[in-house]
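The structure under discussion appears below in the form of structure tokens.
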Amino acid sequence: QVQLVESGGGSVQAGQSLRLSCIATGYTYRMGWFRQRPGQEREGVAGLATGSGKTFYADSVKGRFTLSPDNAKNTIYLQMTDLKPEDTATYYCAAENTGRRWPPGATSFLNDTNYNYWGQGTQVTVSS
């Protein structure tokens, strides 16, 4: 069993930054951040292979968002800079603990169907 608790959402102006946190209990092989805008499907933002530390990003956030782990705290962070109004969404932390084989690359890590645990979500609102 894995439990995930996110925090760090809020309301900011465009161009500002926020950092989201996700504390995980239980071992995970992969973790990710996803977001869902109102009326839209959930989309992958960033993913992490917890063993290697390799990270993957959606094109829309590359260069602006950074996913980083703190293994001692069983926590991952999503540092979001230069936020845009289109980043407004509910952000979810996700984890996968089976270790089953995935095709390598960002497509797998940003596919929400590959994850089996989810946090409750945290709202990020960016105003122009």
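In what follows, every heavy atom counts, from backbone to side chain, and hydrogens, waters and symmetry copies are set aside.
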Which is it for Met80 and Leu20 under the side-chain contact (heavy atoms from CB on, under 4.5 Å) test, yes or no, and what are the steps along the way? CA-CA 8 Å; Met80 306 184 292; Leu20 306 183; 3.7 Å; yes

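- Residue Gln120 holds its CD atom at 7.0 Å from OG1 of Thr122, rounded to the nearest 0.5 Å.
- In this structure, CG on Asp82 lies 8.0 Å from OG on Ser17, to the nearest 0.5 angstrom.
- Closest approach of Ala24 to Leu4, counting heavy atoms only: CB-CD2, 3.6 Å.
- Aromatic ring pairs are classed by plane angle as parallel below 30°, tilted from 30° to 60° and perpendicular above 60°; the pair Tyr115 and Trp102 is perpendicular.
- More than 12 heavy-atom neighbours from other residues, nucleotides or ligands sit within 6.0 angstrom of CD on Gln40.
- With Thr28 contributing its side chain and Asn97 its backbone, the two residues share no donor-acceptor pair below 3.5 Å.
- Val126 and Leu18 fall within the same hydrophobic cluster, defined by Ile, Leu, Val, Met, Phe, Trp and Tyr side-chain heavy atoms under 4.5 Å apart, directly or through other members.
- A donor-acceptor pair under 3.5 Å is absent between the side-chain atoms of Ser21 and the main chain of Ser7, judged by distance alone.
- Here the OG1-CG distance, from Thr55 to Leu48, works out to 7.0 Å after rounding to the nearest 0.5 Å.
- Both Leu83 and Leu78 sit in one connected hydrophobic cluster of ILVMFWY residues. Membership requires side-chain heavy atoms under 4.5 Å apart, directly or through other members.
- Annotation: side chain of Pro104 is not in contact with side chain of Lys54 (no heavy-atom distance under 4.5 Å).
- Taken to the nearest 0.5 Å, the OG1 atom of Thr81 stands 7.5 Å off from the CZ atom of Phe65.
- A salt bridge is defined here as a Lys NZ or Arg NE, NH1 or NH2 lying under 4.0 Å from an Asp or Glu carboxylate O, and Asp87 with Lys84 fails to meet this definition.
- A pairwise comparison of heavy atoms in Ala49 and Arg30 identifies CA-CG, 4.5 Å as the closest pair.
- Taken to the nearest 0.5 Å, the CD atom of Glu43 stands 10.5 Å off from the CG atom of Asp112.
- Tracing side-chain contacts under 4.5 Å through hydrophobic residues (I, L, V, M, F, W, Y), one reaches Val2 starting from Trp33; they form part of the same cluster.
- Atom OG1 of residue Thr66 and atom CZ of residue Arg19 lie 11.5 Å apart, to the nearest 0.5 angstrom.
- The two residues Pro85 and Ser128 make their nearest non-hydrogen contact at CG-CB, 3.9 Å.
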Residue pair Gln3, Gln1: steps toward the side-chain contact (heavy atoms from CB on, under 4.5 Å) verdict: CA-CA 7 Å; Gln3 290 186 320; Gln1 280 280 33; 5.9 Å; no

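- Within the 4.5 Å cutoff, the side chain of Tyr29 has no heavy atoms near those of the Thr98 side chain.
- The cluster map of Ile, Leu, Val, Met, Phe, Trp and Tyr, joined by side-chain heavy atoms under 4.5 Å apart, puts Phe56 and Val61 in different clusters.
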Working for side-chain contact (heavy atoms from CB on, under 4.5 Å), residues Tyr91 and Glu6: CA-CA 9 Å; Tyr91 284 71; Glu6 303 108 328; over 6 Å; no

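- If you chain together hydrophobic residues whose side chains sit under 4.5 Å apart, Tyr77 and Phe34 never meet in one group.
- In this structure, the side chains of Ile76 and Cys93 come closer than 4.5 Å at one or more pairs of heavy atoms.
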Run the numbers on Asn114 and Arg100 for side-chain contact (heavy atoms from CB on, under 4.5 Å), then give the verdict. CA-CA 9 Å; Asn114 283 334; Arg100 66 183 179 86; 2.8 Å; yes

